[in-house]
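Worth saying up front: this structure is predicted, and the values here are computed from it rather than measured.
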Amino acid sequence: MKEYVTNSYEETVSLAEGLSKELKEGSVIGFLGELGSGKTAFTTGFVKGLGINAEVSSPTFAICNEYIGNSKKVCHYDMYRINSWDDLYSCGFFDCLDTGAYIICEWGENVFSALPDDAVIIKIDKLSENKRSFKIMTKEEAENL
């Protein structure tokens, strides 16, 4: 497990940009964290780091926003309202796993058992108004928290 602390939105974006360069295409990221913890800010940096010029927003009502660049694609899911395997199938999550796209799941705790074993789990804690802790770990490490 690696832990990082950021002190601003800009530092969160920068951290995510760096991580985007380390993960292979088709990687799945599951966020664990409360409302307002920085999940969308992190996604903004991740998308930017892949060279995709897109306006990133939380997919709260759409369930999935797609960001497409020249050679990369990110599927950004909000799993807050996902309550069953049927919901996961109907929102296209399993279909997306086979596309080679990066997949980012906000509210990953709601679909934790459906995340692939090699998923990257990022637990975000809001330490203060602007300060965040990012614990980046394997799914196995997250199971043992």
Quiz item: Does NZ in K21 sit with more than 12 non-hydrogen atoms of other residues, nucleotides or ligands closer than 6.0 Å?
Solution: yes

Exercise. Tell me, with the steps shown, if V56 and V74 meet side chain to side chain contact (heavy atoms under 4.5 Å, CB included).
Key: CA-CA 11 Å; V56 174; V74 175; over 6 Å; no

Quiz item: Considering residues at least two apart in sequence or located in another chain, which fulfil the ring pair (Phe, Tyr, Trp, His ring centres under 6.0 Å) criterion with F31?
Solution: F42

Practice problem: Give a yes or no on this: more than 12 heavy atoms of other residues, nucleotides or ligands lie within 6.0 Å of atom NZ of K48. | Solution: no

Quiz prompt | Non-neighbouring partners of F112 that pass ring pair (Phe, Tyr, Trp, His ring centres under 6.0 Å), sequence neighbours left out | solution = none

Quiz prompt | Residues forming a salt bridge (Lys or Arg N to Asp or Glu O under 4.0 Å) with K73, sequence neighbours excluded | solution = E66

Exercise. Tell me, yes or no, whether the heavy-atom count around K126 atom NZ, taken from other residues, nucleotides or ligands under 6.0 Å, exceeds 12.
Key: yes

Quiz item: Which heavy-atom pair separates E17 from G49 by the least distance, and what is that distance?
Solution: CG-N, 3.8 Å

Practice problem: Quick one: list whatever passes salt bridge (Lys or Arg N to Asp or Glu O under 4.0 Å) with E11, sequence neighbours left out. | Solution: none

Exercise. Tell me, please, which residues at least two apart from Y4 pass ring pair (Phe, Tyr, Trp, His ring centres under 6.0 Å).
Key: none

Quiz item: Any idea how F46 and Y102 line up, ring-wise: parallel (<30°), tilted (30 to 60°), or perpendicular (>60°)?
Solution: perpendicular

Quiz item: Taking atom NZ of K135 and atom CD1 of I122, what is their separation to the nearest 0.5 Å?
Solution: 13.0 Å

Quiz prompt | Sidechain N-carboxylate O distance under 4.0 Å for R81, D87 | solution = no

Quiz item: With sequence neighbours excluded, what pairs up with Y9 under the ring pair (Phe, Tyr, Trp, His ring centres under 6.0 Å) test?
Solution: none

Quiz item: How long is the span from the OH atom in Y67 to the OG1 atom in T44, to the nearest 0.5 Å?
Solution: 7.0 Å

Practice problem: Please name the pair of heavy atoms, one in G30 and one in L115, separated by the smallest distance, quoted to 0.1 Å. | Solution: CA-CD1, 4.2 Å

Quiz item: Could you walk me through whether T12 and T6 pass the side chain to side chain contact (heavy atoms under 4.5 Å, CB included) check?
Solution: CA-CA 6 Å; T12 296; T6 63; 2.8 Å; yes

